[in-house]
Amino acid sequence: MAKEIASQYETAIKKVWDSAEFKEFMNRRGFDMIYLDSAKFSEFMKADNEDNGKALKSLGWRSK
């Protein structure tokens with residue numbers, strides 16, 4: 001995705017995240033909330049993908 005478009009999404013998502021309406025909605029449903037900017041979210045997804053790969057391999061899954 002072009003950096004310019006990604007930046008627009010990140011700005012819009014942060015605006016929603018900062019809103020009282022969103023926080024109230026999430027809290028009423030018992031969700032934990034953690035905000036990650038695009039760089040930190042990318043790091044999180046990379047680590048999560050690696051962890052999931054290890055778990056699947058330990059269960060005998062093999063990629064093609």
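The figures here come from the full heavy-atom set of this structure, side chains too, leaving out hydrogens, waters and symmetry mates. Quick caveat: nothing in here was measured; it's all calculated off a predicted structure.
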Connected to Met1, directly or through other members, by ILVMFWY side-chain contacts below 4.5 Å are Ile5, Tyr9

The complete set of salt bridge (charged side-chain N to carboxylate O under 4.0 Å, His left out) pairs with one or both residues in residues 42-58, sequence neighbours excluded, reads none

The side chain to side chain contact (heavy atoms under 4.5 Å, CB included) partners of Phe22 (sequence neighbours excluded) come to Val16, Trp17, Ser19, Met26, Met33

So the side-chain hydrogen bond (donor to acceptor under 3.5 Å, both in side chains) pairs with at least one residue in residues 20-42 (sequence neighbours excluded) are Glu10-Ser38

- When you measure from the side chain of Thr11 to the backbone N and O of Ser7, does any donor-acceptor pair fall under 3.5 Å? yes

With sequence neighbours left out, the residues meeting side chain to side chain contact (heavy atoms under 4.5 Å, CB included) with Leu59 are none

Cluster membership besides Met45, Ile/Leu/Val/Met/Phe/Trp/Tyr side chains within less than 4.5 angstrom, sorted by chain and number, is Ile34, Leu36, Phe41, Phe44

